[in-house]
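For reference, the structure discussed in these notes is given below.
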Amino acid sequence: MSHMNVHNHVMGLIPQLLFALLILLALVLYFLAVVVSNRRYKSWPIYRTVCWVFGVFFATIAVAGPLANRAHVDFTAHMFGHLFLGMLAPLLMALAAPMTLVLRTLSVPLARRFSRVLRSWPSRMFTHPVVASFLNIGGLWLLYTTNLYLLMQENILLHLIVHFHVFLAGYLFTVSIIYIDPIPHRISFLYRAIVLVVALAGHGILSKYIYVEPPPGVPAAQAEIGAMLMYYGGDIIDIVIIFILCLQWFRATRPRIEISI
């Protein structure tokens, strides 16, 4: 193996290691928080921990390992990573209710400070459905319709920034549409439903655009498969979000039946 190939291989491993360490840290901290929470309150639901583990798992395979390596040269593999990192992992990790767990774990003074952060204007802004949708869908349009996708493959720092943005924007979008953790600035179900429909349309149109106009440097055959994967794979995850939103809406608005004897 030439010196240049060795250098490229080592440099390619750096972002994977950084991502893997961050994700491992998230897993360990969640488990520690569950232990502390269970000592103070009733047991933390097992299914939430399972959601976190699977969320971390899908985020990990998107950024480190064979799929991540393949994604550098194969757009189809890249799109699998996009679905895992930007849609599936954020949904599973949102269902794990991490903010609720943090509030249960912290001492009362720290929990109050954390609550103030959640109520702050930056938090309100970034978890607003319109802003979160713009960051999420708008970021994808920027990635796939400009030279950003090509530049990302050649620059490690840009590679890190793009992947971090994809995950964070996906998470903010998910928590802005379905409320699992406590949200001090709640927005109506109808408003969130309308924003969700528009965002899904933006995602669907982008996938069709990629099918016709591949990103720079992507072969047409790979772009077609990747676009179909983005369209249909995204639909499956979106259906879950729609189901949860509708279920929450039904539970919040169903009539209370009182039986008088």
Side-chain angles (χ1 to χ4, degrees), residues 15 18-20 22-23 25-27 30 48 51-64 67-68 71 75 77-99 122-123 125-145 148-149 152 158-181 183 187 192-193 195-207 210 215 226-227 229-245:
L18 286 172
F19 277 122
L22 282 173
I23 290 167
L25 181 63
L27 192 63
Y30 193 93
R48 295 209 184 278
C51 283
W52 187 262
V53 170
F54 275 102
V56 167
F57 169 75
F58 282 111
T60 303
I61 62 176
V63 298
L67 182 65
F75 186 71
H78 165 84
M79 194 52 71
F80 266 112
H82 156 66
L83 289 174
F84 290 160
L85 185 65
M87 297 187 75
L88 185 56
L91 173 60
L92 289 167
M93 294 172 88
L95 291 174
M99 298 301 107
S123 175
M125 180 178 71
F126 286 115
T127 57
H128 189 283
V130 172
V131 175
S133 297
F134 180 78
L135 290 172
N136 189 28
I137 308 302
L140 294 177
W141 273 90
L142 184 65
L143 176 61
Y144 296 125
T145 62
L148 183 58
Y149 176 77
M152 179 188 75
L158 193 57
H159 182 87
L160 285 167
I161 292 170
V162 167
H163 278 72
F164 183 72
H165 172 86
V166 166
F167 171 76
L168 188 60
Y171 182 80
L172 289 173
F173 174 73
T174 305
V175 300
S176 74
I177 299 297
I178 53 172
Y179 294 162
I180 306 298
D181 279 315
I183 298 281
I187 293 171
R192 283 181 279 150
V195 173
L196 177 59
V197 169
V198 174
L200 299 189
H203 193 263
I205 293 168
L206 176 59
S207 63
I210 291 171
L229 184 62
M230 180 180 181
Y231 187 84
Y232 294 109
D235 275 356
I236 293 170
I237 299 169
D238 290 333
I239 286 169
V240 177
I241 295 175
I242 292 167
F243 173 78
I244 294 170
L245 179 64

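One is the number of the first residue; the rest follow in order along the sequence.
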Show the numbers, then the answer: is there a side-chain contact (heavy atoms from CB on, under 4.5 Å) between Ile183 and Met99?
CA-CA 10 Å; Ile183 298 281; Met99 298 301 107; over 6 Å; no
Go through Leu85 and Val63 one step at a time and tell me if the side-chain contact (heavy atoms from CB on, under 4.5 Å) criterion holds.
CA-CA 8 Å; Leu85 185 65; Val63 298; 3.9 Å; yes
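In this structure, Trp141 and Ile205 have side chains that are in contact, with non-hydrogen atoms separated by less than 4.5 Å. Side-chain contact between Ile242 and Leu200 is present, with heavy atoms from C-beta onward closer than 4.5 Å. Between Tyr231 and Asp235 there is a side-chain heavy-atom pair separated by less than 4.5 Å. Side-chain contact check for Leu95 versus Ile244: some heavy-atom pair is nearer than 4.5 Å. Taking 4.5 Å as the limit, some side-chain heavy atom of Leu142 sits within range of a side-chain heavy atom of Leu148. Two residues are said to be in side-chain contact when any heavy atoms from C-beta on lie closer than 4.5 Å; Phe164 and Leu22 fail this criterion. Phe80 is not listed as a side-chain neighbour of Ile61, based on a closest heavy-atom distance of 4.5 Å or more.
Residues His203 and Gly234 share a closest heavy-atom pair of CE1-CA, 4.3 Å. Minimum heavy-atom separation, His165 to Gly139: NE2-CA, 4.0 Å. Residues Arg48 and Tyr30 come closest through the heavy atom pair O-OH, 3.5 Å. The minimum heavy-atom distance between Ala199 and Ser133, with the atom names listed, is CB-OG, 4.1 Å. A pairwise comparison of heavy atoms in Ala227 and Ser207 identifies CB-O, 3.1 Å as the closest pair. Looking at every heavy atom in both residues, His163 comes nearest to His159 through ND1-O, 3.0 Å.
The side-chain hydrogen bond (donor to acceptor under 3.5 Å, both in side chains) check on His82 picks up nothing, with sequence neighbours excluded.
Rounded to the nearest 0.5 angstrom, Phe84 CZ and Ile237 CD1 are separated by 8.0 Å. Between the CE atom of Met87 and the CD1 atom of Ile236 there is a distance of 10.0 Å, given to the nearest 0.5 Å. In this structure, OG1 in Thr127 is found 11.0 Å from CG in Asp181, a value given to the nearest 0.5 Å. We find the NE2-CG distance between His78 and Leu67 to be 10.5 Å, quoted to the nearest 0.5 Å. Atom-to-atom distance recorded for Leu206:CG and Leu140:CG is 6.5 Å, nearest 0.5 angstrom. Between atom OG1 of residue Thr145 and atom CD1 of residue Ile210 there is a gap of 8.5 Å, rounded to the nearest 0.5 Å.
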Side-chain donor-acceptor pairs under 3.5 Å in residues 168-180, sequence neighbours left out?
{"from": "Thr174", "atom 1": "OG1", "to": "Gly170", "atom 2": "O", "distance (Å)": "2.8"}
{"from": "Ser176", "atom 1": "OG", "to": "Leu172", "atom 2": "O", "distance (Å)": "3.4"}
{"from": "Ser176", "atom 1": "OG", "to": "Phe173", "atom 2": "O", "distance (Å)": "2.7"}
{"from": "Tyr179", "atom 1": "OH", "to": "Ile187", "atom 2": "N", "distance (Å)": "3.2"}

